[in-house]
Amino acid sequence: MPELPEVEYAARRLRRALRGRTIVHLRAHHPSQRRTLGAAVVRRVAGKMVRAVERRGKSQLVHLSDGATLVVHFRMNGDWDFGRSGTALAAHARVSFDLDDGKRVSLVDSRALCTVRWYAPDAPPVFKLGPEPEDPALVPSALRAALQRKRGPIKPALLDQSVVAGVGNIYAAEACWHARISPRAPANKLSLPRVARLLDGLRSALADGHTNAARYHKGVREVPFNVYDREGEPCNRCGRMIRRITQAGRSTYFCAGCQR
DNA sequence: TATTCCCTGTGC
DNA sequence: GCACAGGGAATA
């Protein structure tokens, strides 16, 4: 379930496994991954050491010792599986890294929508991303300026990665709920106080997400969402029924009682 | 700015 | 069967 908190957590685990290690063997196991990881790339990556792993928005960047970069995107349901080389591959393993310490990291993704791209040292990836949600430079007036360039309703606007990096469908809806703003409110007409509330709402929703990402692998009970996937259930704030609508082809959950 | 497509799995 | 799934690039 990879949105920003999950990707942040995944990138940390990946960093722990890869940093300083040499990739003995990179393999693409599915045709959709072989399109971006051809034989030449796979050959070139072999023997390179991992200098650093970082996250930008929902992308994970693996910086290699020859200056090349691998960019991993989980899309809808990618995740890492950590195991040992030579053992059976995890189900739905799409790409795997065999490391010089005998361990193997696999990208598992049942839908095979995940992407792994290789960038040459002289042509590094360029991201059209807005500020990270935690960036101190992201103040209400900056968010408002970004939103004023947008047409259409606020909730789909929050999914635009050039507005704020890493906001996905769940947290866009949760942020609107926290801020008591209708997902249908025009993005470019939100007042500064409402934008400030939205920013606070986004940060609290993501904070819950970070708690959950840490709990996910420990079997600890997770913090429930307030609106996402709760159609027909009562709102935690006003008790009215949560509704589901479609915006820009995706589900939006909200409470028409207290989100105006 | 909305739809279509990429894939496969799940739940009704 | 069919609708739907958290993303994003490519389209009209």
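Chain letters run A, B, ... following the sequence lines, proteins first and then strands; every chain starts at 1.
The CG atom of A:Leu4 sits 15 Å away from the C1' atom of C:dG8 (whole-angstrom rounding). Rounded to an integer number of Å, the gap from A:Glu3 CD to C:dG7 C1' is 9 Å. One interatomic measurement links the two molecules: OH of A:Tyr171 to P of C:dG7, which rounds to 11 Å at whole-angstrom precision. If you measure from atom CD of A:Glu231 to atom C1' of C:dA5, you get 14 Å, rounded to the nearest angstrom. To the nearest angstrom, C1' of C:dG8 lies 14 Å from CG of A:Asn77. Whole-Å rounding puts the A:Asp79 CG to C:dG7 C1' distance at 16 Å. For A:His73 and C:dA9, the NE2 to P distance is 7 Å, given to the nearest whole Å. One interatomic measurement links the two molecules: CZ of A:Phe225 to C1' of C:dA5, which rounds to 13 Å at whole-angstrom precision.
Looking only at side-chain heavy atoms (C-beta outward), A:Thr252 and A:Arg244 stay at 4.5 Å or farther from each other.
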**OP:** Could you encode protein contacts along nucleotides 5-12 of chain B as a string, one character per nucleotide from 5' to 3', using B for base contact, S for sugar-phosphate-only contact and - for no contact, with a heavy-atom cut-off of under 4.0 Å?
**Re:** -BBBS---
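The stretch residues 245-254 of chain A comes close to DNA chain C through A:Arg250, A:Ser251, each having a heavy atom under 4.0 Å from the strand.
Salt-bridge annotation for A:Arg15 and A:Glu54: absent, with no side-chain N of the basic residue lying under 4.0 Å from a carboxylate O of the acidic one.
Contacts of A:Phe74 classified as ring pair (Phe, Tyr, Trp, His ring centres under 6.0 Å), with partners at least two apart in sequence or in another chain: A:Trp80. Under the salt bridge (Lys or Arg N to Asp or Glu O under 4.0 Å) criterion, A:Asp100 pairs with A:Arg21, sequence neighbours left out. Take A:Tyr253 and apply the ring pair (Phe, Tyr, Trp, His ring centres under 6.0 Å) test, not counting sequence neighbours, and it matches A:Tyr228. Qualifying salt bridge (Lys or Arg N to Asp or Glu O under 4.0 Å) partners for A:Arg27, counting only residues two or more places apart in sequence or in other chains: A:Asp98. Residues meeting the side-chain contact (heavy atoms from CB on, under 4.5 Å) test with A:Arg149, sequence neighbours left out: A:Ala146. Under the salt bridge (Lys or Arg N to Asp or Glu O under 4.0 Å) criterion, A:Lys48 pairs with no residue, sequence neighbours left out.
Applying the side chain to side chain donor-acceptor pair (under 3.5 Å) test to pairs two or more places apart or on separate chains, none has a residue in residues 178-202 of chain A.
Between A:Ser110 and A:Asn77, the side chains place a donor N or O and an acceptor N or O closer than 3.5 Å (distance only, hydrogens not considered). A side-chain N or O of A:Thr87 and one of A:Arg104 form a donor-acceptor pair less than 3.5 Å apart.
In terms of phosphate contacts, A:Gln161 brings no side-chain nitrogen or oxygen within less than 4.0 Å of OP1 or OP2 of C:dG7.
Under the 4.5 angstrom side-chain criterion for Ile, Leu, Val, Met, Phe, Trp and Tyr, the cluster partners of A:Leu61 are A:Val71, A:Tyr119, A:Phe127, A:Leu129.
Look at the P atom in both C:dC4 and B:dT3: the space between them is 14 Å, to the nearest Å. Here, C:dA3 and B:dT4 have their P atoms 14 Å apart, quoted to the whole Å. On the P atoms, B:dC7 is 15 Å away from C:dT11, given to the nearest whole Å.
Using a 4.0 Å heavy-atom cutoff across all strands shown, A:Tyr228 reaches sugar-phosphate atoms only and no base atom. Within 4.0 Å of A:Gly152, counting heavy atoms only, lies no atom of the nucleic acid at all.
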**OP:** Walk me through it: do A:Arg56 and A:Glu132 pass the test side chain to side chain contact (heavy atoms under 4.5 Å, CB included)?
**Re:** CA-CA 8 Å; A:Arg56 275 293 279 136; A:Glu132 294 284 336; 3.0 Å; yes
Original post:
How does DNA chain B look in dot-bracket form if you count Watson-Crick and G-U pairs under 3.5 Å, write [ ] for pairs that cross, and put | where a base pairs with another strand?
Top reply: ||||||.|||||
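A distance of 4.5 Å separates CD1 in A:Ile242 from SG in A:Cys235, rounded to the nearest 0.5 Å.
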Pick out the pairs of N or O atoms, protein on one side and nucleotides 1-3 of chain C on the other, that lie under 3.5 Å.
none

